Engineer: 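Before I ask anything, here is the structure I am working with.
Letters go in sequence order (proteins before strands), and every chain restarts at 1. All values derive from a computational prediction rather than experimental measurement.
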Amino acid sequence: MGIRVKIEFLGGLDVISSGVREHKAVVPLEEGEATMKDLVEYVTHNIISDPKDIPVFIEDDTVRPGILVLINDTDWELEGQEEYVLESGDVFTFTSTLHGG
Amino acid sequence: MPEPKKIKVLALCELCHGRKAVMKRPKNLQKLCKECFYKVFETEIHNTITDAQLFQKGDKVAIGASGGKDSTVLASVLKLLNERYEYGLELVLLSIDEGIKGYRDDSLATVKRNQVQYQMPLEIISYKDLYNWSMDEIVSCAGIRSSCTYCGVLRRQALDRGAAKLGINHVVTGHNADDIAETVLMNILRGDTARLEKSTAILTQSSGSPIKRSKPFKYSYQKEIVLYAHYKKLDYFSTECTYAPEAFRGTARELLKSLESIRPSCIMDIIYSGELLVLAPKKKKTTRSYKNNKKISTGETEVNADGSVSLKRNEFKDGNTCEKCGYLSSNKICKACVLLAGLEMNRAKVSIEGNAAVDGAAKLGKTLEQLSF
């Protein structure tokens, strides 16, 4: 089965995924059980191309401060952050706010 | 469990109570829908501008435009506010081409699109034309560690010259609340109390420069600027400069981001603290005259890390010009010329060593390095 989702890296964060901004992915977990925490885990192990870039994305077991996370274009802080339950068709956007302006 | 359902009930915008909230303001944790967020974000900037009386009707204002998120949002919001509140401003985009291959060339392409999107004139000033040095050449000569120092001093003068060329005496930049809090924090951590006082000023004017600078985004959070650009689908460029950012600033930024994740208001709080931290005037004078006893008599001026020059009201004489380049300067030789003279001496050395890999040297180095923000 698995959950079909779209994952985007914006604001320069595509450096951690070989310059690819948009990824279509199937998270190999049961819908209704998998949470945002699983998605972050999935991204860390399946999308980040070089393991040494993991600290750019993860800090203290969660998404690094300074990376803005949107779930279907809504701030993940309004969606329960890591507790959010994944649904098929979800779009997850990770945007770096740390890049120069 | 009933808890997830509760979240859905609370998911309405706290201002209009009609639409779904899409974001949480770091400033006050308010949950807002897209429309209300735009309105609040724009109105706060308008209030910042009017409270500080940044502009007069008929002013010609240059927007320091890098193509990055901050300056792109600044151009967009200023255009909108100028029309909505009838500021009567003439807005121009002013970009600096530092000559950094793989970075600035791409970001300038974004500015050129902005020029069309916002229908504003665009002026590009290049380091190479102005100083006969591109940043790539400077770094290959002086090393990567001091790149920000050179770039900062040169950019400041380049912006001034660009503005002067356009007959403009006011440059606005996209520095946001996070940037200012970061600078306050850095100055505290370094014990740099003299700069601390200036670092929160919304409007500054360097000695020797007829050009004013201001920061309309002084109270705007980075998160909101990024969200605004994202929701409005603004066309901005987001690749980090190929030269390593100042290490200390990078660390201060990470510290600030970690603090923000625990207490989002801390950015505002740091700015507030910075605004109210004022040095006792007497103490400042004694320290300065002790340290810079000889320098002061020759009129030498300290140059800040960001390239600005600390104002010393007593000694600054208006209308002095640099003996070398003829540009306005409070010293005999302006800081840019001092740096460039140092470089010229090194250029000779570097070419003797046969080590002058110039164009895109940084890009190559960066690719080899471990990537980090």
Engineer: Output the distance between atom CG (Leu68(A)) and atom CD (Glu224(B)), rounded to the nearest 0.5 Å.
Structural biologist: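 Separation between the atoms: 10.5 Å.
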Engineer: Are more than 12 heavy atoms from other residues, nucleotides or ligands located less than 6.0 Å from atom CD of Glu31(A)?
Structural biologist: yes
Engineer: Any non-hydrogen side-chain atom of Arg64(A) less than 4.5 Å from a side-chain atom of Lys257(B)?
Structural biologist: no
Engineer: So, for Asp75(A) and Met23(B), which heavy atoms are closest and what is the spacing to 0.1 Å?
Structural biologist: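 For Asp75(A) versus Met23(B), the nearest heavy atoms are CB-CA, 3.5 Å.
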Engineer: Do other residues, nucleotides or ligands put more than 12 heavy atoms under 6.0 Å from Asn28(B) CG?
Structural biologist: yes
Engineer: Tell me, yes or no, whether the heavy-atom count around Arg113(B) atom CZ, taken from other residues, nucleotides or ligands under 6.0 Å, exceeds 12.
Structural biologist: yes
Engineer: Measure distances from Glu59(A) to the heavy atoms of chain B and classify the residue's part below 4.5 Å as side chain, backbone, both or neither.
Structural biologist: side chain
Engineer: Within a strict 4.5 Å, meaning less than it, do heavy atoms of the Asp73(A) and Lys34(B) side chains meet?
Structural biologist: yes
Engineer: What are the two closest heavy atoms between Leu78(A) and Val22(B), and how far apart are they?
Structural biologist: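 Distance-wise, the nearest heavy atoms are CD1-C, 3.5 Å.
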Engineer: When you compare the side chain of Leu70(A) with that of Tyr231(B), does any pair of heavy atoms fall below 4.5 Å?
Structural biologist: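 Result yes, sub-4.5 Å side-chain heavy-atom pair found.
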Engineer: Would the number of heavy atoms belonging to other residues, nucleotides or ligands and lying under 6.0 Å from NZ of Lys20(B) be above 12?
Structural biologist: yes
Engineer: Tell me, for His175(B) versus chain A, whether the close heavy atoms (under 4.5 Å) come from the side chain, the backbone, both or neither.
Structural biologist: neither
Engineer: Ion pair present between Glu77(A) and Lys223(B), side-chain N to carboxylate O less than 4.0 angstrom?
Structural biologist: yes
Engineer: Let me confirm one number: the CD1-OG1 distance from Ile225(B) to Thr97(A), rounded to the nearest 0.5 Å.
Structural biologist: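 That separation rounds to 10.0 Å.
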Engineer: Go through the atoms of Ser258(B) and report whether side chain, backbone, both or neither lie under 4.5 Å from a heavy atom of chain A.
Structural biologist: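 Looking at Ser258(B), backbone and side chain both touch chain A.
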